[in-house]
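What follows is a single structure, written as C-alpha cells, with notes after it.
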Amino acid sequence: MMNTLNTEKSAEKPFRKTGNPVELTSESPLHPRRKSHRIMVGSVPVGGGAPISVQSMTNTLTANVPATLQQIAELTAAGCDIVRVAVPSQDDADALPEICRKSPVPIIADIHFQSKYVFQAIDAGCAAVRVNPGNIRKFNEVGPSICKAATDAGISLRIGVNAGSLDKELYAKYGGPTPEALVASALKEAHMFEDVGFHDFKISVKHHDVITMVETYRLLASKGDWPLHLGVTEAGPAWQGTIKSCLAFGALLAEGIGDTIRVSLSAPPVEEVKVGCKLLEYMGLRPRKFDIISCPSCGRAQVDVIQLASAVTEGLKDVTAPIRVAVMGCIVNGPGEAREADLGVASGNGKGQIFIKGKVIETVPEDQIVDTLLTKAQEIAAQVEADGLVPVNATGPVVVPIQHPNR
C-alpha cells in the first residue's frame, strides 16, 4: 500500500530536471507563495502571485540626467525590472520629470528627511516613492497628505524600515533593532496608511545580519498580507554581499516569502541585478537563461579546472541565449554532466571530449579546449537566437574574475 501511495505521489509531481526552462515563474517549485495583495509599480505588478521582480538603485548623481539615464539603460539591459534613484537635494528632485519620461522601466524616488520631495516625485511621474518613516520629519503629520497625493496620482509607496534608522522610542523599548522592533515600526506606519484608506504600499524591513533579517521578514509575513520587498541592507562588498543576500533571500523565497528583491552590494549596480536575476533563476522563479556549470578543483582533475572555467566564462560573458555549458575536469562526473548540457567538455589525459546534446562530436588537445568550446557555444547561441528563443532581458553569466595562482 505504501509503495502504491509513493508511486501515485511521484506521478503527481514529475521529476524536475535541473535547469529546465520554466514558463510559469510566479510560483516556486519549493513552496507555495505567501498570499499577498497586489500593487503596481508603474507597469510592474508586485505581490498577488506576480513574478518576483528585481530592483536596483543608481549610484549616479540623480541631477546628472544623462549619466543617470545611461545607468538605468545598463540596469535594464541586465534584467532589472524597477530602478530607484536617490533624491537628497532640490536639484535631484528637479531632474525627476525628465528621468521618468525617458526611463524604459518604472522609477522609484528614494526620499529621506524632506517630505516636500515626496510630493515633487509624485508630480514628476515617479511610479512609486520609497519613504522611511523613521527619518521623515513630522511623518505623523505629513503621512496622510502623502497617501492622498499618491492615491490621486495612482501610484504606490514603499515603507522602508532600516535597522540603521529605527525610531528612537522603538530602539529604546526593544533594546536595539531586533526583529520585533523593526516589525513594530513597520506595523505602526502600515496602520497609519490603512487608517486613511491607503493600501497601495509594500514594506521592507532590512537588516545587515542574515539571521535577524530572515526572522524579521518571517515575523512581518505573519502579521498581514502586504507585499514584501526583500533586502539585506549594507550587505558588503560583492563577494560577501552576494553570499549574505543569497542566504537570506534563498531561505525566505524557499518559504514562499517575498514579492520583489534588491541585492545590495558595494559594487556597480549592474552586478546587483546579475546576482538577483541568477538567484531567482536558480530558485526556479525565473526562466533559465545562459548558464555555465563547472566542477570544483580537486586531486582527480587532470586539467587546470579553475583557469579553464574562468577562460570559458570570460569568453562567453556576452552570450544571452538560454544554453548550458559544462566545463568538467575529470572522468568521474565529467561525461555525465557534459551529456546533460547543451555543450560540454570532459577533460583528461591531455585532451577534451566535446559533447553537444549528449553526443561526443570530437576530441581535441587540451590547448584547444577553450577555443573549441567558445566557437561551438557561439554557433549554438546564434541558432537559438535565430529561432527566437532568447528571453526578453536575457543576461549573460555572472563573471567573477579569477586570478590564476601561478601568475
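When a residue number appears, it is its place in the shown sequence, counting from 1.
Take N64 and apply the side chain to side chain donor-acceptor pair (under 3.5 Å) test, not counting sequence neighbours, and it matches no residue. For the salt bridge (Lys or Arg N to Asp or Glu O under 4.0 Å) test, residues two or more places apart in sequence or in another chain that qualify with E255 are R218. The side chain to side chain contact (heavy atoms under 4.5 Å, CB included) check on A186 picks up V161, I203, V205, L220, with sequence neighbours excluded. Under the salt bridge (Lys or Arg N to Asp or Glu O under 4.0 Å) criterion, K102 pairs with E98, sequence neighbours left out. Under the side chain to side chain contact (heavy atoms under 4.5 Å, CB included) criterion, T58 pairs with T60, T68, Q71, I72, L75, V83, V85, sequence neighbours left out. Annotation: side chain to side chain contact (heavy atoms under 4.5 Å, CB included) contacts of D387 (sequence neighbours excluded): Q383, L389. Residues forming a salt bridge (Lys or Arg N to Asp or Glu O under 4.0 Å) with D92 (at least two apart in sequence, or on another chain): none. Partners of T212 according to the side chain to side chain contact (heavy atoms under 4.5 Å, CB included) rule, which considers only residues two or more places apart in sequence or in another chain, are P179, H207, D209, T216. Listed by chain and number, the residues in a salt bridge (Lys or Arg N to Asp or Glu O under 4.0 Å) with D200 amount to none (sequence neighbours excluded).
E272 has its side chain out of reach of S245: every pair of non-hydrogen atoms, C-beta onward, lies at least 4.5 Å apart. Counting only heavy atoms from C-beta outward, the side chains of M283 and L30 approach each other to under 4.5 Å. Using a 4.5 Å heavy-atom cutoff, the side chains of H199 and W226 are not in contact. The shortest distance between side-chain heavy atoms of L253 and L280 falls below 4.5 Å. Contact annotation: the side chain of Y217 approaches that of L228 to within less than 4.5 Å [non-hydrogen atoms, C-beta and beyond]. Side-chain contact between H112 and R130: present, with at least one pair of heavy atoms (C-beta onward) separated by less than 4.5 Å. Taking the side chain as every heavy atom from C-beta outward, D291 and V325 never approach each other to under 4.5 Å. Contact annotation: the side chain of S264 never approaches that of T233 to less than 4.5 Å [non-hydrogen atoms, C-beta and beyond].
No donor-acceptor pair closer than 3.5 Å links the side chain of N162 to the backbone N or O of G164. Looking only at distances, no side-chain donor or acceptor of S53 sits under 3.5 Å from a matching main-chain atom of D81. In this structure a side-chain-to-backbone donor-acceptor pair under 3.5 Å is missing from S294 to A309. The backbone N or O of G344 lies less than 3.5 Å from no partner atom in the side chain of R324, so there is not a single donor-acceptor pair. For the pair K244 (side chain) and H208 (backbone), a donor-acceptor distance under 3.5 Å is present. Checking side-chain atoms of S222 against main-chain N and O of L219 turns up a donor-acceptor pair under 3.5 Å.
Considering every non-hydrogen atom in both A78 and V270, the closest pair reads CB-CG1, 3.9 Å. When every heavy atom of G42 is checked against every heavy atom of A127, the shortest pair comes out as N-CB, 3.4 Å. Nearest approach of A238 to A267, heavy atoms of both residues: CB-CB, 4.0 Å. For the pair F198 and C147, the tightest heavy-atom approach, listed with the atom from each and the gap, is CD1-O, 3.6 Å. Closest of all the heavy-atom pairs between I261 and G276 is CD1-O, 3.8 Å. Between G79 and C277, the shortest heavy-atom contact is O-SG, 3.8 Å.
Counting heavy atoms of neighbouring residues, nucleotides and ligands inside a 6.0 Å radius, atom CD of E385 exceeds 12 of them. Atom CD1 of I211 sits in a sparse spot, with 12 or fewer heavy atoms from other residues, nucleotides or ligands closer than 6.0 Å.
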Report task. Begin with the C-alpha distance, continue with both residues' side-chain angles, and end with the deciding distance and a verdict on side chain to side chain contact (heavy atoms under 4.5 Å, CB included) for I354 and L343. Result -> CA-CA 7 Å; I354 308 297; L343 170 67; 3.9 Å; yes
Query raised in the report: Should K206 and E234 be marked as a side chain to side chain contact (heavy atoms under 4.5 Å, CB included) after you check the CA-CA gap, both sets of side-chain angles, and the distance that decides it?
Result: CA-CA 9 Å; K206 297 185 178 183; E234 293 106 26; over 6 Å; no
Query raised in the report: Is there a side chain to side chain contact (heavy atoms under 4.5 Å, CB included) between S204 and R158 once you walk through the steps?
Result: CA-CA 7 Å; S204 67; R158 169 159 75 98; 2.5 Å; yes
Report task. Decide yes or no on side chain to side chain contact (heavy atoms under 4.5 Å, CB included) for V319 and L316, but give the supporting numbers first. Result -> CA-CA 5 Å; V319 173; L316 298 178; 4.0 Å; yes
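Applying the salt bridge (Lys or Arg N to Asp or Glu O under 4.0 Å) test to every pair with at least one member in residues 44-69, sequence neighbours left out, gives no pairs at all.
In this structure, a donor-acceptor pair under 3.5 Å is present between the side chains of D259 and S36. Between the side chains of S56 and R84, not a single donor N or O lies within less than 3.5 Å of an accepting N or O.
Taking 4.0 Å as the cut-off between side-chain N and carboxylate O, K357 and D342 count as a salt-bridged pair.
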Listing, residues 369-381 side-chain donor-acceptor contacts under 3.5 Å, not counting sequence neighbours, or none:
{"from": "T372", "atom 1": "OG1", "to": "Q368", "atom 2": "O", "distance (Å)": "2.7"}
{"from": "T375", "atom 1": "OG1", "to": "D371", "atom 2": "O", "distance (Å)": "2.9"}

Enumerate, atom names and distances included, each donor-acceptor pair closer than 3.5 Å involving a side-chain atom of residues 114-123, sequence neighbours excluded.
{"from": "Y117", "atom 1": "OH", "to": "Q90", "atom 2": "N", "distance (Å)": "3.2"}
{"from": "Q120", "atom 1": "OE1", "to": "Q90", "atom 2": "NE2", "distance (Å)": "3.2"}

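Here the CZ atom belonging to F201 is positioned 9.0 Å from the CD1 atom belonging to I39, to the nearest 0.5 angstrom. For the atom pair CE of M213 and CD of E215, the computed distance is 11.5 Å after rounding to the nearest 0.5 Å. Summarising the geometry, atom CD belonging to E281 is positioned 3.5 Å from atom NZ belonging to K278; distances are rounded to the nearest 0.5 Å. From K274, atom NZ reaches atom CG of L279 across 15.5 Å, with rounding to the nearest 0.5 Å. Going from atom SG of C126 over to atom CD1 of I155 covers 7.0 Å, rounded to the nearest 0.5 Å. Taken to the nearest 0.5 Å, the CD1 atom of I82 stands 4.5 Å off from the OG1 atom of T260.
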